[in-house]
Amino acid sequence: MKVSLEEVTKVFDGGVTALDALSLEIQDGEFFALLGPSGCGKTTLLRTIAGLETASSGSLRIGDRDVTRVPPGARDVAMVFQDYALFPHMTVADNIAYPLRIKKVGRAERRAKAAATGEGLSLGGLMERRPAQLSGGQQQRVALARAMAAQPTVFLLDEPLSNLDARLRLEARTFLKKLQHDLGVTTVFVTHDQAEALALADRIAVMESGRIRQLGTPREVFQRPANVFVAGFIGSTPMNLLAGECVPGDGETATSWGHQIDVAGVRLPVPEDIVTELTPGDKVIVGIRPEYLTESEDGIKGTVEIVENLGTTSLVTLTTTGPSVQLTVPEGREPEPGATLHVTPAPGRLLVYRADDGELIDAP
Amino acid sequence: MSPVQVVRRIGFYVFVALVTAFFALPMLWLVTAPFTRNPTLSVSWPDFTLGNFKHLTDDPNALPSLYNSAVLSLWTMLITVAAAALAAYALSRVRVPGRDGILYLLLLLSSVITGTSAMVPIFQLMFKLHLLDKDIGVILVMTGGLLPAAIFILKDFMDTMPKSYEESARVFGANSFQVLGHVVLPNVRPGLATIAVWAMVNVWGNFLMPFLLYRTPEKQPAAVTLNNFYTEGGQPNLALISTFSLLYSIPVVIMFLFVSRRYGFRFHGGIKA
Ligand SMILES: Nc1ncnc2c1ncn2[C@@H]1O[C@H](COP(=O)(O)OP(=O)(O)O)[C@@H](O)[C@H]1O
Ligand SMILES: [Mg+2]
């Protein structure tokens with residue numbers, strides 16, 4: 001079912017504005033991620049969709065129904081809480097069957113459905129246990145099974161993977177993606193982990209202080225962060241964000257339109273599609289991912305300060321005359337600390353943001 | 001171990017033994033005197049006679065008063081637990097301005113309500129309400145006295161329960177009573193058991209309120225009846241008093257054993273369960 005929010009604002013009693021005139025449309029069947037740093041309002045948004053919080057203003061629709069004032073139980077959504085919220089006094093079977101108990105389904109049918117759902121999530125042998133006797137991963141699957149038993153039109157998952165340890169998290173991630181794909185039910189999940197959002201979601205909303213800063217597919221969000229906030233947030237190695245200024249080109253390097261960007265004394269070409277958007281004197285911030293910086297003859301010059309092994313690559317931090325710059329180098333090509341290196345952005349990978357508002361300068 | 005340490009150790013044990021004996025002697029008396037033909041105030045080897053129990057059954061008020069005590073205790077317990085559960089849930093989950101202040105004030109007043117200082121006003125109140133000499137009058141007064149502490153203890157239990165349990169149930173469509181019955185109460189069962197037993201023991205042992213509010217001897221509970229065992233000569237009838245006391249204390253002991261077996265002895269909000 002489609003979920004649409006229109007200008008939803010949530011102000012808490014204490015005066016905290018957790019959601020700030022937020023509009024959003026989540027498509028039917030979509031696996032949708034709400035991503036952002038802690039305290040940006042992700043959970044509040046999810047709880048507002050669930051009905052556990054009531055929007056201070058704005059409207060919320062699930063499918064074609066306006067549910068802004070509808071109580072949580074009547075919205076046909078199921079939520080998996082960050083702590084899973086399994087009932088400690090009930091067995092796994094009773095937990096999974098709980099939504100059916102509320103719907104007054106008979107005992108025998110309840111048990112059969114709970115068993116079938118549990119079986120589907122490999123909980124077969126655990127049905128008579130209590131939640132406290134399960135591992136984190138098992139508890140998570142019980143919580144998912146219980147949500148599935150409710151047969152909702154929308155699933156809401158609050159940080160579904162954050163309580164699992166690192167190894168299990170990857171497994172559970174793959175499992176979750178497959179499950180969502182098989183069920184095909186609209187699913188909204190909250191995460192503060194950008195890798196999780198990129199890996200799982202069909203689309204991501206990146207949030208900051210109650211607003212959406214960018215909405216797009218993982219590819220769009222990763223390749224073209226719409227502003228420096230998103231640029232700094234997305235990516236497992238933080239993007240280099242270097243202050244610079246647009247300057248007139250100097251003679252022979254002044255290829256097409258003549259302008260260049262000066263970053264700490266180094267001249268970088270302005271990406272071709274935005275040359276008309278910049279005039280000399282404009283202050284900008286240049287964004288370039290460490291993965292897209294390569295060693296070259298000239299370009300930004302720096303001294304290798306730190307080399308961090310990331311497995312198949314290494315992250316190298318260079319000190320330059322300006323801010324430090326990070327790049328990744330392939331396995332086996334690590335420079336020695338103290339060595340001098342020149343780096344240039346890979347063609348087409350340079351992003352330019354306006355310095356005043358931090359927004360991406362896009363092709364006209 | 002040096003001689004000084006040995007002496008110290010021996011001294012310590014002698015001290016402990018004396019203290020233990022001080023508290024154990026009355027207990028010992030309680031279990032021997034009922035089986036002794038003519039018990040005195042000192043502990044003596046019992047004759048293993050059941051004659052005192054026979055005498056007790058001859059007293060028209062003795063055994064019925066134990067039944068009266070049970071009725072009072074059970075009703076007070078039921079009303080206290082039910083009302084405290086609802087009130088504690090509401091107080092734990094709804095933001096009431098000045099909530100903690102109100103609770104502390106109630107707690108303070110409750111010790112006054114069933115105490116000696118409120119005897120006269122309570123008597124007058126019950127008189128005006130035509131509740132004198134009625135079970136319901138005593139039950140209500142006792143419940144009123146117990147409720148604040150019961151609410152306080154239960155609220156403590158409910159405060160520590162994650163809200164997500166209830167929210168989860170609500171998202172699945174449970175209404176408030178279902179949330180309470182399916183999720184909240186099962187999770188605070190130790191708290192409910194604590195206040196249930198505590199309320200029963202309190203009523204079982206309360207002398208003042210029934211003494212004040214009942215007029216008819218037949219309606220009096222055991223705590224008051226115990227006061228009436230005198231010989232014709234006006235002397236306390238130790239045979240009947242000890243025998244009755246033994247019967248009177250057995251239910252309390254059983255309840256404590258039950259709670260400790262079921263939940264273990266723990267401190268909850270400063271009250272030992
Ligand atoms: N019940 C509440 N009362 C008051 N403020 C709240 C409440 N819940 C959340 N907040 C505030 O709203 C903001 C957003 O919180 P939340 O949605 O939990 O963030 P996130 O899940 O993104 O970490 C935070 O500043 C938080 O302190
Ligand atoms: Mg959160």
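Naming convention: chains lettered A, B, ... in sequence-line order (proteins, then strands); numbering from 1 in each chain. Just so we're clear, the structure is a prediction, and the values are computed from it rather than from any experiment. No hydrogens, no waters, no symmetry mates; every other heavy atom, side chains included, goes into these values.
Heavy atoms of A:Ala78 lying under 4.5 Å from chain B belong to its backbone as well as its side chain. Residue A:Leu86 touches chain B through its backbone alone, counting heavy-atom pairs closer than 4.5 Å. Of the atoms belonging to A:Asp13, it is side-chain heavy atoms, and not backbone ones, that fall under 4.5 Å from chain B. Proximity to chain B is limited to the side chain of A:Arg47, based on heavy atoms less than 4.5 angstrom apart. Interface remark: B:Arg95 contributes side-chain atoms only to the contact with chain A (heavy atom separation under 4.5 Å).
Residue B:Arg189 qualifies as open at atom CZ: its count of foreign heavy atoms under 6.0 Å is 12 or below. For CD of A:Gln151, the number of neighbouring non-hydrogen atoms (other residues, nucleotides, ligands) closer than 6.0 Å is 12 at most. Within 6.0 Å of atom CG in B:Asp100, more than 12 heavy atoms from other residues, nucleotides or ligands are found, so the atom counts as buried in its surroundings. Crowding of B:Phe207 atom CZ: a count of heavy atoms from other residues, nucleotides or ligands under 6.0 Å exceeding 12.
When each of A:Lys103, A:Arg146, A:Met79 is scored by its heavy-atom pairs under 4.5 Å with chain B, the top score falls to A:Arg146. For the options A:Arg75, A:Arg101, A:Gln82, heavy-atom pairs under 4.5 Å to chain B are most numerous at A:Arg101. Interface check for chain B: of the options A:Gly51, A:Ala143, A:Pro88, the most heavy-atom pairs under 4.5 Å are formed by A:Pro88.
Of all heavy-atom pairs spanning B:Ser168 and A:Phe81, the tightest one is CA-CE1, 3.5 Å. Annotation for A:Ile102 and B:Phe172: closest pair CG2-O, 3.5 Å, computed over non-hydrogen atoms.
Ring centroids of B:His182 and A:Tyr98 are separated by less than 6.0 Å, placing the two rings close together.
Atoms CE and OH, on A:Met90 and B:Tyr165 in that order, are 11.5 Å from each other to the nearest 0.5 Å.
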